[in-house]
A.B. asks: 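Take a look at the following structure, please.
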Amino acid sequence: MTATARIDDSGATPALVLSGSGARPQAAMLDGRRARVDGSLTGRGVTWTARLPLAASRWSGPLLPLPSGDYVVRVTGADGEPVPVDATIDETMTPTLRVRLDDGVLHVAPPIDPAYESGEGQAALERRYANRPGGLENAVFFESFYGRNASCNPRAIDRELARVAPGVTRYWSVVDLSVEVPDGAVPVVEGSPQWWRARGEARLLVVNDWLRRRYERRPGQVVLQTWHGTPLKRLALHRPGFDPRRALAVLRESRRWDVLLAQNPYGERIMRKAYAFLRRPVWVEGYPRNDVLKGADGGAATRAALGIGADERVVLYAPTWRDDRDEMIDDLDPARLAADTGAIVLVRGHSRTILPGRDAHGARVLDVTAYPDMSDLLVVADALVTDYSSVMFDFTATGKPIFFFAPDLAHYREQLRGFYFDLVAHAPGPLTTTQAELTEALASDGIPAAYVDRYADWRARFNLRDDGHAAERVVARILDQGFVDR
């Protein structure tokens with residue numbers, strides 16, 4: 001028995017429809033790296049149909065199109081045996097995604113006309129919108145982590161701007177329409193005509209990483225670079241080894257920015273030098289993304305969305321990415337950590353591992369790499385485990401304990417990136433190199449006594465402006481300087 005297939009895009013949500021003869025199968029699903037869809041099955045023994053929506057809802061969020069990537073089509077027959085899906089579906093465009101089926105794999109891509117995906121197509125769009133006559137739109141173009149999510153400082157600025165200046169249009173750059181954007185914002189898929197127009201006509205661009213692609217500022221446009229963390233690891237011009245091409249790229253990029261946001265004076269000093277951003281303004285206002293850490297909610301809504309009980313202990317594991325690998329580092333066994341500590345372990349990979357990586361699984365383990373906003377997870381976490389990620393500078397604003405798991409410390413520090421200061425000497429929590437050491441350290445519910453003074457010194461150095469009002473201050477400056485009108 002084999003299954004035939006077609007795409008049905010007649011309803012609000014397009015679907016892959018599988019059909020076959022005989023008894024109704026036990027199950028049908030789409031199995032992807034970051035999402036899985038279970039199909040609804042009908043049939044009375046002569047023929048059967050499986051309908052698999054090309055959309056998914058995660059963490060009680062809205063139903064959104066599937067993330068781009070490959071999905072294995074799995075059908076389990078009534079006898080428990082796999083049902084082959086030999087059908088082929090030529091590339092089909094729907095309003096929310098583009099799909100193609102071959103060899104039992106559904107390939108999902110953003111809904112962009114293939115004519116625009118070539119270098120020539122993108123160059124044509126660039127010319128069309130870079131030289132467009134007329135004025136700029138009273139709008140903000142937001143981008144966070146290259147459009148892989150709508151989070152971080154840009155998201156917090158979006159929320160405050162929507163509150164105090166609701167007449168400003170807010171565009172969000174997204175890799176595809178699976179990325180949830182804030183209420184009232186307009187998603188624009190990277191590389192689409194709408195994306196080029198929004199980026200070329202918005203009066204203000206708020207980004208937390210490089211602009212990439214070709215970007216030429218039109219007269220009157222302003223770029224606010226919020227960045228995405230106070231740095232421990234060396235950045236840009238400070239990275240080990242001199243590479244003239246990298247240095248030229250750094251200088252070209254930083255010249256696109258008009259204003260830089262820093263969490264603290266230390267971050268201001270590092271970023272100015274690392275990006276040769278010497279004569280333009282740096283706003284040292286704390287990080288807007290950390291405002292939520294001072295809220296009164298305590299993470300109840302996020303716990304409910306994640307399905308975590310109010311009394312469960314939550315340990316968040318959030319390592320940074322590695323320059324020499326695409327996927328998340330795997331030196332820690334989260335399932336074993338959960339079993340040994342009795343905690344729920346949230347696994348949060350770096351944004352650079354969202355696309356190439358795959359969700360972690362295990363008892364009392366929840367992969368939240370694709371969760372919309374890291375800050376909500378920091379509120380929920382009772383303890384943080386990290387390595388060299390800048391999340392260490394954010395989490396200490398909560399006053400909750402932090403633990404370091406760094407089995408590759410020497411390699412990372414001496415060969416991959418290097419540090420701006422001695423983490424071993426200043427870490428505000430235990431620094432472990434084996435999982436057994438980490439488990440033993442996590443037996444402490446609070447900040448270990450040996451680290452109380454270090455923790456206080458750390459907060460005084462890095463978190464003084466993380467007072468819950470950073471977004472208010474940043475948006476007030478945006479409006480006072482006329483970057484957009486109310």
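Numbers here are sequence positions counted from 1. Keep in mind the model is a prediction, meaning the values are calculated, not measured.
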A.B. asks: Looking at Glu180 and Arg155, does any basic side-chain N land under 4.0 Å from a carboxylate oxygen?
C.D. replies: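 A salt bridge is absent here (no side-chain N lies under 4.0 Å from a carboxylate O).
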
A.B. asks: Decide side-chain hydrogen bond (donor to acceptor under 3.5 Å, both in side chains) for Glu120 and Ser118; before the verdict, give the C-alpha distance in whole Å, the side-chain angles of both, and the deciding distance to 0.1 Å.
C.D. replies: CA-CA 5 Å; Glu120 292 181 356; Ser118 67; 5.2 Å; no

A.B. asks: Tyr275 vs Trp257 aromatic rings, parallel, tilted or perpendicular, using cut-offs 30° and 60°?
C.D. replies: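 Ring orientation of Tyr275 relative to Trp257: tilted.
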
A.B. asks: Hey, what do you get for OG (Ser144) to CG (Asn153), rounding to the nearest 0.5 Å?
C.D. replies: 8.5 Å

A.B. asks: Within the side chain of Arg234, is there an N or O that forms a donor-acceptor pair under 3.5 Å with the backbone of Arg413?
C.D. replies: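 The answer is no, because no donor-acceptor pair under 3.5 Å joins these two groups.
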
A.B. asks: Roughly how far, to the nearest 0.5 Å, is CG of Leu52 from CG of Asp38?
C.D. replies: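 It comes to 8.5 Å.
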
A.B. asks: Using 30° and 60° as the class limits, which term best fits the ring planes of Trp283 and Phe483: parallel, tilted or perpendicular?
C.D. replies: parallel

A.B. asks: Assess whether side-chain contact (heavy atoms from CB on, under 4.5 Å) is satisfied between Val474 and Glu160, documenting all intermediate values.
C.D. replies: CA-CA 9 Å; Val474 171; Glu160 176 63 11; over 6 Å; no

A.B. asks: Between Tyr420 and Ala274, what is the shortest heavy-atom contact and its length?
C.D. replies: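 Looks like OH-CB, 4.0 Å.
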
A.B. asks: We want to know whether Asn290 and Asp394 form a side-chain donor-acceptor pair, criterion being a heavy-atom distance below 3.5 angstrom.
C.D. replies: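 Indeed, the side chains of Asn290 and Asp394 share at least one donor-acceptor pair under 3.5 Å.
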
A.B. asks: Is it true that, when you exclude Arg128 itself, more than 12 heavy atoms of the residues, nucleotides or ligands shown sit nearer than 6.0 Å to its CZ?
C.D. replies: yes

A.B. asks: Would you call Phe141 and Val188 a side-chain contact if the rule is heavy atoms closer than 4.5 Å?
C.D. replies: yes

A.B. asks: Taking side chain as C-beta onward, heavy atoms only, is Val140 less than 4.5 Å from Val484?
C.D. replies: yes

A.B. asks: State whether the side chain of Arg51 and the backbone N or O of Ala15 hold a donor-acceptor pair below 3.5 Å, judged by distance alone.
C.D. replies: no

A.B. asks: Under the side-chain hydrogen bond (donor to acceptor under 3.5 Å, both in side chains) rule, what do Thr88 and Asp102 come out as? Steps first, then yes or no, please.
C.D. replies: CA-CA 5 Å; Thr88 297; Asp102 55 57; over 6 Å; no

A.B. asks: Once you round to the nearest 0.5 Å, how far does OH of Tyr146 lie from CG of Asn149?
C.D. replies: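 Reported value, rounded in 0.5 Å steps: 13.0 Å.
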
A.B. asks: Answer yes or no on whether Arg199 is positioned over the face of Trp196, meaning its NZ or CZ is under 6.0 Å from the six-membered ring centre and within 45° of the axis.
C.D. replies: yes

A.B. asks: Aromatic rings Phe393 and Phe462: how do their planes relate, parallel, tilted or perpendicular, breaks at 30° and 60°?
C.D. replies: perpendicular

A.B. asks: With side-chain hydrogen bond (donor to acceptor under 3.5 Å, both in side chains) as the test, would you mind laying out the steps for Asp387 and Thr320 before giving the verdict?
C.D. replies: CA-CA 7 Å; Asp387 45 20; Thr320 192; 5.4 Å; no

A.B. asks: Rounded to the nearest 0.5 Å, what separation is found between the CZ atom of Arg170 and the CG atom of Asp158?
C.D. replies: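 If I round to the nearest 0.5 Å, the distance is 4.5 Å.
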
A.B. asks: Heavy-atom distance under 4.5 Å between the side chains of Leu66 and Val37, does that happen here?
C.D. replies: yes

A.B. asks: Any side-chain heavy atom of Asp408 sitting closer than 4.5 Å to one from Tyr388?
C.D. replies: yes

A.B. asks: Would you sort out whether His107 and Tyr71 count as a ring pair (Phe, Tyr, Trp, His ring centres under 6.0 Å), showing the intermediate values?
C.D. replies: CA-CA 6 Å; His107 308 279; Tyr71 294 79; 9.8 Å; no

A.B. asks: Which salt bridge (charged side-chain N to carboxylate O under 4.0 Å, His left out) pairs, counting each pair once, include a residue from residues 271-284, with sequence neighbours left out?
C.D. replies: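 Checked against salt bridge (charged side-chain N to carboxylate O under 4.0 Å, His left out) - neighbours excluded - the pairs reaching residues 271-284 are Glu268-Arg272.
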
A.B. asks: Do the charged groups of Arg473 and Asp480 touch, with an N to O distance under 4.0 Å?
C.D. replies: no

A.B. asks: Do the side chains of Arg33 and Asp70 get close enough for a salt bridge, i.e. N-O under 4.0 angstrom?
C.D. replies: no

A.B. asks: Roughly how far apart are Arg98 CZ and Met93 CE, rounded to 0.5 Å?
C.D. replies: 5.5 Å

A.B. asks: Could you give me the CA-CA distance, side-chain angles and deciding distance for Tyr129 and Arg218, then say whether side-chain hydrogen bond (donor to acceptor under 3.5 Å, both in side chains) is met?
C.D. replies: CA-CA 10 Å; Tyr129 293 107; Arg218 291 180 62 190; over 6 Å; no

A.B. asks: To the closest 0.5 Å, what do you measure between CG (Leu106) and CZ (Arg100)?
C.D. replies: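 Spacing of CG (Leu106) from CZ (Arg100) equals 9.5 Å.
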
A.B. asks: Which of these, Arg58, Arg36, Arg34, Arg348, sits in a salt bridge (Lys or Arg N to Asp or Glu O under 4.0 Å) with Asp367?
C.D. replies: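 Only one of Arg58, Arg36, Arg34, Arg348 forms a salt bridge (Lys or Arg N to Asp or Glu O under 4.0 Å) with Asp367, namely Arg34.
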
A.B. asks: Closer than 3.5 angstrom, by distance alone: can the side chain of Arg289 be matched with the main-chain N or O of Asp373 as a donor-acceptor pair?
C.D. replies: no

A.B. asks: For a quick check under 3.5 Å, do Ser173 and Glu190 share a side-chain donor-acceptor pair by atom type?
C.D. replies: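 No - no donor-acceptor pair under 3.5 Å links their side chains.
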
